[in-house]
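Computed from a predicted model, the values in this text were never measured in an experiment.
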Amino acid sequence: MDFKEKVAISTGAASGMGLLFAQNWAELGGNVVLCDVNESVLKEKVDEINAKNCGKAIGVICDVRDYNQVCSARDKAVEAFGRIDVTVNFAGGTATRMQKVDRQQYPEFPDVPIDVYDWGIDVNLKGPFYFAHAVLKQMREQKSGLIINIGSITGQEGDGYGMDYPTSKAGLMFGLTKSIAQFGSKYGIRCVCVSPGPVLTRAAMANMKTLLGRAAEPQEIVDLCLFLASDKGQFINGENIMIDGGRNAMTRTW
């Protein structure tokens, strides 16, 4: 895979799969814009990429819940590199976990303060929606581009407590991805959703069952994203691709 002179935006890129994708992209010759809210860590990771890769990186402080910041990230990408070839929406997480909700204090879904779920829907659904709306202006002008949304097996399974997450991810997997593909087709723009099962970005993910008996390594998810962006992935469009070790095919026992 050779991404020389290609430009990618990666959200949630100060850590996890967003960072891993950015590192891989630069190692393969591409230029990358890392977007995150964690300014100090972001600068450190950008400096590391620039010190050892042929592709260049810039960091942009961006809260994906803020459309003005999203547009600023787009503009800085174009200003630095002249185009946007790929945008990958990695930023996300279950609100009750990310906001450290005390389940003893808030035992069930109706007990959790609504602003917790607002955060989750804003980050997991509105964030990718905002980025699509922003970068599609540039992609339409250049008549090419790829948006990769990151879904989740939870969008298929649901969650009776952290309801913001499956609600948002299902919206990406089946609504936003197909809609962007429909809009983008006449401009040479594709959209694909990559939906992982358990991934070892957190140790607890090892406890989720799959038919293969393990969770995915983060690199396996990133490799699929890179394939979709490469010359070999160009005929895949408007689709939700499960990469879950067969978890979605498992017999449900409730």
Side-chain angles (χ1 to χ4, degrees), residues 9-13 15-21 35-37 62-65 70 86-99 101 109 112 114-133 135 146-182 190-202 204-205 207-210 215-216 218 220-222 224-225 228 236-250 252 254:
I9 294 175
S10 180
T11 73
S15 62
M17 290 189 291
L19 173 59
L20 185 60
F21 174 85
C35 297
D36 204 284
V37 294
C62 180
D63 184 337
V64 301
R65 300 173 298 168
V70 169
V86 180
T87 296
V88 193
N89 290 304
F90 284 106
T94 303
T96 52
R97 176 175 62 83
M98 301 294 288
Q99 300 293 296
V101 172
F109 167 70
V112 177
I114 196 63
D115 61 326
V116 172
Y117 294 120
D118 282 341
W119 182 94
I121 291 171
D122 286 349
V123 170
N124 294 303
L125 181 56
K126 289 176 69 175
F129 194 100
Y130 282 177
F131 257 96
H133 189 267
V135 303
L146 168 65
I147 295 174
I148 300 177
N149 293 321
I150 302 298
S152 171
I153 182 62
T154 312
Q156 291 273 8
E157 294 180 334
D159 183 331
Y161 188 71
M163 291 193 191
D164 60 290
Y165 196 68
T167 299
S168 300
K169 292 302 185 180
L172 297 183
M173 294 156 69
F174 308 113
L176 187 60
T177 295
K178 291 181 184 295
S179 299
I180 294 171
Q182 289 172 14
R190 295 182 297 128
C191 186
V192 182
C193 191
V194 170
S195 294
V199 184
L200 292 173
T201 48
R202 293 188 297 119
M205 292 294 96
N207 298 325
M208 289 181 67
K209 292 181 170 57
T210 70
E220 293 177 288
I221 312 305
V222 169
L224 176 54
C225 294
L228 291 168
I236 302 173
N237 190 26
E239 191 55 76
N240 176 54
I241 302 175
M242 302 296 297
I243 176 167
D244 65 346
R247 181 176 173 86
N248 195 46
M250 292 175 66
R252 301 291 195 262
W254 284 293

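Ile221 places a side-chain heavy atom less than 4.5 Å from the side chain of Ile243. When side chains are defined from C-beta on, Phe174 counts as touching Asn240, because their heavy atoms get closer than 4.5 Å. In this structure the side chain of Arg65 never reaches within 4.5 angstrom of the side chain of Tyr130, judged on heavy atoms. Residues Cys62 and Val70 form a side-chain contact, since some pair of their non-hydrogen atoms from C-beta on lies under 4.5 Å apart. Contact check for Ile153 versus Met208: side-chain heavy atoms found under the 4.5 Å cut-off. Between Ile9 and Cys35 the shortest side-chain heavy-atom distance falls below 4.5 Å.
Put simply, the side chain of Thr11 gets close to the backbone of Phe90: a donor and an acceptor are under 3.5 Å apart. Between the side chain of Arg190 and the main chain of Leu228, a donor-acceptor pair closer than 3.5 Å is present. Side-chain atoms of Asp36 come within 3.5 Å of backbone atoms of Ala13 as a donor-acceptor pair (strictly under, hydrogens ignored). Checking side-chain atoms of Ser10 against main-chain N and O of Gly18 turns up a donor-acceptor pair under 3.5 Å.
When all heavy atoms are compared, the tightest approach of Ala181 to Asn237 is CB-OD1, 3.5 Å. When all heavy atoms are compared, the tightest approach of Asn124 to Ser168 is CB-CB, 3.4 Å. For the residue pair Gly245 and Thr210, the shortest heavy atom distance occurs at O-CB, 3.6 Å. Across every non-hydrogen atom of Gly175 and Ser179, the tightest pair is O-OG, 2.7 Å. Heavy atoms only, all atoms of each residue included: Val101 and Tyr161 are closest at CG1-OH, 3.5 Å. Heavy atoms only, all atoms of each residue included: Gly151 and Cys193 are closest at N-SG, 3.5 Å.
Between Met98 atom CE and Trp119 atom CH2 the span is 4.5 Å, to the nearest 0.5 Å. The NZ atom of Lys126 sits 13.5 Å away from atom CG of Leu176, with the distance rounded to the nearest 0.5 Å. Going from atom CG of Asp122 over to atom CG of Leu125 covers 9.0 Å, rounded to the nearest 0.5 Å. How far CD1 of Ile180 is from CZ of Phe129: 8.0 Å, rounded to the nearest 0.5 Å. Note: Ile148 CD1 to Ile236 CD1 = 10.0 Å, rounded to the nearest 0.5 Å. In this structure, CD1 on Ile150 lies 8.0 Å from OG on Ser195, to the nearest 0.5 angstrom.
Pairs of residues two or more places apart, or lying in two chains, that qualify as salt bridge (Lys or Arg N to Asp or Glu O under 4.0 Å) and include a residue from residues 238-250 are Glu157-Arg247. Sorted pairs that involve residues 158-176 and meet salt bridge (Lys or Arg N to Asp or Glu O under 4.0 Å), not counting sequence neighbours, are lacking altogether.
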- Task: For side-chain contact (heavy atoms from CB on, under 4.5 Å), just list the numbers for Asn149 and Met173, CA-CA rounded to whole Å, side-chain angles, deciding distance to a tenth of an Å, and then say yes or no.
- Result: CA-CA 8 Å; Asn149 293 321; Met173 294 156 69; over 6 Å; no
- Task: Please assess Leu172 against Asn89 for the test side-chain contact (heavy atoms from CB on, under 4.5 Å), listing each intermediate value before the final yes or no.
- Result: CA-CA 10 Å; Leu172 297 183; Asn89 290 304; 6.0 Å; no
- Task: Starting from the C-alpha separation in whole Å, work towards a yes-or-no answer on side-chain contact (heavy atoms from CB on, under 4.5 Å) for Thr96 and Tyr165.
- Result: CA-CA 9 Å; Thr96 52; Tyr165 196 68; over 6 Å; no
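Residue Tyr117 places its OH atom among more than 12 non-hydrogen atoms of other residues, nucleotides or ligands, all under 6.0 Å distant.
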